[in-house]
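First comes the structure, then the notes that go with it.
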Amino acid sequence: MSTGLANKLNELGLKVAERSNERQSIESELEDIAQVPPQKKSTNGLTSNKLVELAEESLYQNEQLGLFDAIPIASKNALPTLLTRIPLFMPIPKAKQKEFLDDDNALPFETPFGEGKRYGANLCVFDEDVMYCLSRLSKKRLSGERNKLPISVPITYKSDEKGKVHVNAVLCTVSEILKELELSDGGRERKRIIESIERLSSATLVLKLNKHDRYLGHCEIGKAIKLLDVEWQRYSTDGIIYGQFSPVFTYWLEEEYTYVDWDIRKKLKTSLAKALHRYLSGQLSNRNKELTKLNKLDDIALSIGYSCRKSSMKKNFKKALEELKSAGYLLDADITGTGRAESFRILAIKA
């Protein structure tokens, strides 16, 4: 072998080794997407799509190792029906929510559908939008033993007859969430998304429901329920997010869900209109286009977590109903009653 050929082969070998080391470095960084390493290596030069591709490859490898099964799922415009009926996401500022917290910094609530407490960060309607986006971007349902999933599932949630639990999983970037929300791709909005995800991952519920078996048959009685476990890694250009919905939330999305028109929701500007749209989606029939007399206005306010001066309640809800009419969700709506001898009630008909 000539000296020139030997040198070229050595150079080629060095380049192959460098590429191999580079890939091993990236895979090491994304080896466990559910854990944020204490010191992240630089990923400058990698696109967010490439990061997601590598993370998906890591999940696929774990599936091939038999740690869990991954089943493709279709995106649907739906929210768990129960979440349309309890004030998890209040249409009031987070600062004002502090007035309603108890001695444990939890939010107690009581509605016609049940009662409970929300622990963790105060959640607003924007957080609901982010949660909805994560649900819509979820493409796989993972089934496996609770400690073999990317994020371990507590024993609070019951396994099936095969000893497995089932969770919807989402792997996406901050940019994808911003696109889904039709928000600008700037630093301020990115910061809002990350902060919202932090709040969502802190939220837990303890519920006492009128129909316990219907909603919580897959969860131990009296235990706290997490809606979502999230881990994320932030880079100089984007963030990659792995989210894992709890088994109960996954069950709700499969068996106990309400259709929520995402296109209508994106047209709504006020938090009250969005919260009312969420509530009405679980109350008004999609088939029977007829005038419906709903619960008392005070009970609806309790169910969505809305609070204001009593003298402003009717006026504020009428504005929200007008917004829903302008967005094309309602054909007509009005509020009946005097608020004294006869309680205020909403009359509404879907478009």
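Relative to the ring axis of Y259, K76 does not place its NZ or CZ within 45° and under 6.0 Å from the centre.
With hydrogens and angles ignored, the 3.5 Å screen pairs a side-chain donor or acceptor of T81 with a backbone N or O of E256. Side chain of S138 to backbone of A169: a donor-acceptor contact under 3.5 angstrom is found. Checked by atom type and distance alone, the side chain of N316 never pairs as donor or acceptor with a backbone atom of M313 at under 3.5 Å. Counting only distance, with no hydrogens or angles, the side chain of D104 and the backbone of A106 share no donor-acceptor pair below 3.5 Å. The backbone N or O of R192 sits nowhere less than 3.5 Å from a side-chain atom of S196 that would complete a donor-acceptor pair. With hydrogens and angles ignored, the 3.5 Å screen pairs no side-chain donor or acceptor of E176 with any backbone N or O of L137. A donor-acceptor pair under 3.5 Å links the side-chain atoms of S202 to the main chain of A121, judged by distance alone. At least one donor-acceptor pair under 3.5 Å links the side chain of S201 to the backbone N or O of I197. Between the side chain of R345 and the main chain of L294, a donor-acceptor pair closer than 3.5 Å is present. In this structure, the side chain of R146 engages the main chain of P154 through a donor-acceptor pair within 3.5 Å.
Between K266 and D129 there is no salt bridge, since no side-chain N of the basic residue sits under 4.0 Å from a carboxylate O of the acidic one. Look at E99 and K96 and you find a salt bridge, because one of the NZ, NE, NH1 or NH2 atoms lies within 4.0 Å of a carboxylate O, short of that distance. Salt bridge annotation for K318-D334: present, with a cationic side-chain nitrogen under 4.0 angstrom from a carboxylate oxygen. Using a 4.0 Å cut-off between charged side-chain N and carboxylate O, E128 and R265 make a salt bridge. Between E145 and K164, none of the side-chain N atoms (NZ, or NE/NH1/NH2) sits under 4.0 Å from a carboxylate O, so this pair counts as no salt bridge. Between K162 and D69 no salt bridge is recorded (no basic side-chain N to carboxylate O distance below 4.0 Å). Salt-bridge check for E323 with K267: failed, with every basic side-chain N at 4.0 Å or more from each acidic carboxylate O. Salt-bridge check for K319 with E322: failed, with every basic side-chain N at 4.0 Å or more from each acidic carboxylate O. A salt bridge links R136 with E180: the distance from a Lys NZ or Arg NE/NH1/NH2 to an Asp or Glu carboxylate oxygen falls below 4.0 Å.
In this structure, L134 is a member of the same hydrophobic cluster as F249, with clusters built from ILVMFWY side-chain heavy atoms closer than 4.5 Å. Follow the hydrophobic side-chain contacts under 4.5 Å out from L331 and you reach L347 in the same cluster. Residues L171 and I151 share a hydrophobic cluster, clusters being chains of Ile/Leu/Val/Met/Phe/Trp/Tyr side chains in contact below 4.5 Å. The hydrophobic cluster containing L253 does not contain I73, counting ILVMFWY residues as joined when their side-chain heavy atoms lie under 4.5 angstrom apart, directly or transitively. Y329 and V125 fall into different hydrophobic clusters, where Ile, Leu, Val, Met, Phe, Trp and Tyr residues are linked whenever their side-chain heavy atoms come under 4.5 Å apart, directly or through other members.
Between atom NZ of residue K98 and atom NZ of residue K94 there is a gap of 10.0 Å, rounded to the nearest 0.5 Å. The distance from the CD atom of E63 to the CD1 atom of I71 is 9.0 Å, given to the nearest 0.5 Å. Rounded to the nearest 0.5 angstrom, L65 CG and Y60 OH are separated by 10.5 Å. How far CZ of F113 is from OG1 of T111: 6.0 Å, rounded to the nearest 0.5 Å. Atom CG of L284 and atom OG1 of T292 lie 5.0 Å apart (nearest 0.5 Å). With rounding to the nearest 0.5 angstrom, the CZ atom of R278 is 12.0 Å from the CG atom of L268.
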Full working for ring-ring contact (aromatic ring centres under 6.0 Å, His included) between F100 and F109: CA-CA 9 Å; F100 303 95; F109 58 85; over 10 Å; no
Where do W252 and L227 land on the side-chain contact (heavy atoms from CB on, under 4.5 Å) test, with the steps shown first? CA-CA 11 Å; W252 288 340; L227 300 179; 4.0 Å; yes
Should I346 and T336 be marked as a side-chain contact (heavy atoms from CB on, under 4.5 Å) after you check the CA-CA gap, both sets of side-chain angles, and the distance that decides it? CA-CA 6 Å; I346 291 178; T336 64; over 6 Å; no
Apply the test side-chain contact (heavy atoms from CB on, under 4.5 Å) to residues T258 and L79: give CA-CA distance (whole Å), side-chain angles for both, the deciding distance (0.1 Å), then the verdict. CA-CA 5 Å; T258 289; L79 282 176; 5.6 Å; no
Are D298 and F344 close enough, and set up right, to give a side-chain contact (heavy atoms from CB on, under 4.5 Å), and what steps lead you there? CA-CA 8 Å; D298 288 344; F344 290 132; 5.9 Å; no
Can you check side-chain hydrogen bond (donor to acceptor under 3.5 Å, both in side chains) on Y257 and N77, steps first, answer last? CA-CA 10 Å; Y257 64 88; N77 291 335; over 6 Å; no
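In this structure, W262 has its ring center closer than 6.0 angstrom to the ring center of Y132. Between F89 and F126, the distance separating the two ring centers is not shorter than 6.0 angstrom.
Shortest non-hydrogen contact noted between A224 and V206 is CA-CG2, 3.9 Å.
Residue K325 places its NZ atom among more than 12 non-hydrogen atoms of other residues, nucleotides or ligands, all under 6.0 Å distant.
In this structure, the side chains of L205 and I86 come closer than 4.5 Å at one or more pairs of heavy atoms.
With 3.5 Å as the limit, one finds no donor-acceptor pair spanning the side chains of T204 and R118.
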